[in-house]
Amino acid sequence: MPVELTGTGLPARRPQRVIVTGLASDAHTWNLVFIQLFIEELGFEVTNLGPTVPDDLMVSECVDYKPALIVISSVNGHGYQDGLRVVERLREHPELTGIPVVIGGKLGISGALSDQQIPTLMNAGYSAVFDDRPEGLAGFRRFLDAIPHKVLT
Ligand code: B12
């Protein structure tokens, strides 16, 4: 099948979908809006599930959308505990095992996580953890840049 080309002769690309979601206990919203706009500026389509998302709803929406990436944002201090629980729910679903899942924000009760907590989140199933440190957004941007866009055929 021929590849669809743009006016510049480059292959046309379909934006990949990213799911942005808060966690069940977290009522904060502006972190989610900020992350949605940040991701959209890099050319992705975002479905933002909003704050206080129950685990079951998060899993079912991710199964329905089959996004290229799942981004969890939390700032209320429960992100570490809730994030551990929810990634296990996502990873135990056969249709979600191969989808990258990242978490970021103010994940601990005093903001940043300890050096032991990040490997624990990674071992639980996250593809990356972006703690609330100055380099967090730059690292997240590099992570997004590495996600290939689909070429239209
Ligand atoms: C507004 C606010 C509220 C409002 C929220 C209203 C709303 N509709 O959102 C209300 C009053 C409801 C609220 C409630 C609470 N809050 Co409040 N809240 C804030 C406040 C003042 C601003 C948050 C905000 O909107 N920031 C603007 C957004 C754009 O920035 P951000 O959230 O910081 O996100 C940035 C980064 O974290 C990062 N980021 C976030 N997610 C992700 C994801 C990825 C992948 C990446 C890479 C980066 C990233 O990027 C963002 C931009 O830089 C902060 C303090 C502060 N100045 O930050 C406290 C704060 C977040 N709240 C806090 C707390 C403790 C609470 C409560 C528990 C208080 C209580 N005892 O009831 C409750 C929790 C309610 C709940 N169920 O979640 C603490 C959290 C402590 C922690 N994590 O260490 C903070 C930090 C205040 C403090 N210094 O203690 N809060």
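Just follow the structure's listing: the first ligand is 1, and inside any ligand the first atom is 1. FYI, the numbering just counts along the sequence from 1.
Residue Ile109 approaches ligand 1 through these ligand atoms, each under 4.0 Å from one of its heavy atoms: 82 (C), 84 (O). Contact atoms of ligand 1 toward Gly108: 82 (C), 83 (N), 84 (O) (distance under 4.0 Å to a heavy atom of the residue). Atoms of ligand 1 found under 4.0 Å from any heavy atom of Val71, numbered from 1 in the order shown, are 45 (C). For ligand 1, the atoms closer than 4.0 angstrom to any heavy atom of Phe140 are 47 (C). Within ligand 1, the atoms closer than 4.0 Å to a non-hydrogen atom of Asp26 are 78 (O), numbered from 1 in the order shown. Using a 4.0 Å cut-off to heavy atoms of Ala27, the atoms of ligand 1 that qualify are 76 (C), 77 (N), 78 (O).
For the pair Gly77 and ligand 1, the shortest N or O to N or O distance falls below 3.5 Å. In terms of N/O distances under 3.5 Å, ligand 1 is approached by Asn76. Where the criterion is an N or O separation shorter than 3.5 Å, residue side chain and backbone included, Phe34 fails it with respect to ligand 1.
When the heavy atoms of His28, Glu135, Arg141 are ranked by distance to atom 63 (C) of ligand 1, first place goes to His28. Of the listed residues (Val20, Val75, Ile35), the one carrying the non-hydrogen atom nearest atom 83 (N) of ligand 1 is Val75.
Not one N or O on the side chain of Tyr80 forms a donor-acceptor pair closer than 3.5 Å with the backbone of Leu121. Counting only distance, with no hydrogens or angles, the side chain of Asn48 and the backbone of Gly50 share a donor-acceptor pair below 3.5 Å.
At a threshold of 4.5 Å between non-hydrogen side-chain atoms, the residues Ile72 and Leu90 count as touching.
Using a 4.0 Å cut-off between charged nitrogen and carboxylate oxygen, Glu92 and Arg89 count as a salt-bridge pair.
Judged purely by distance below 3.5 Å, without hydrogens or angles, the side chains of Thr52 and Asp26 never pair a donor atom with an acceptor atom. If you check the side chains of Thr97 and Arg91, you find no donor sitting under 3.5 Å from an acceptor.
The proximity of Pro51 to ligand 1, defined as any non-hydrogen pair under 4.0 Å, does not occur for either the backbone or the side chain.
Classified by interplanar angle (parallel below 30°, tilted 30° to 60°, perpendicular above 60°), the ring pair Phe143/Phe130 is perpendicular.
His28 approaches Pro51 most closely through the heavy-atom pair O-CB, 3.7 Å.
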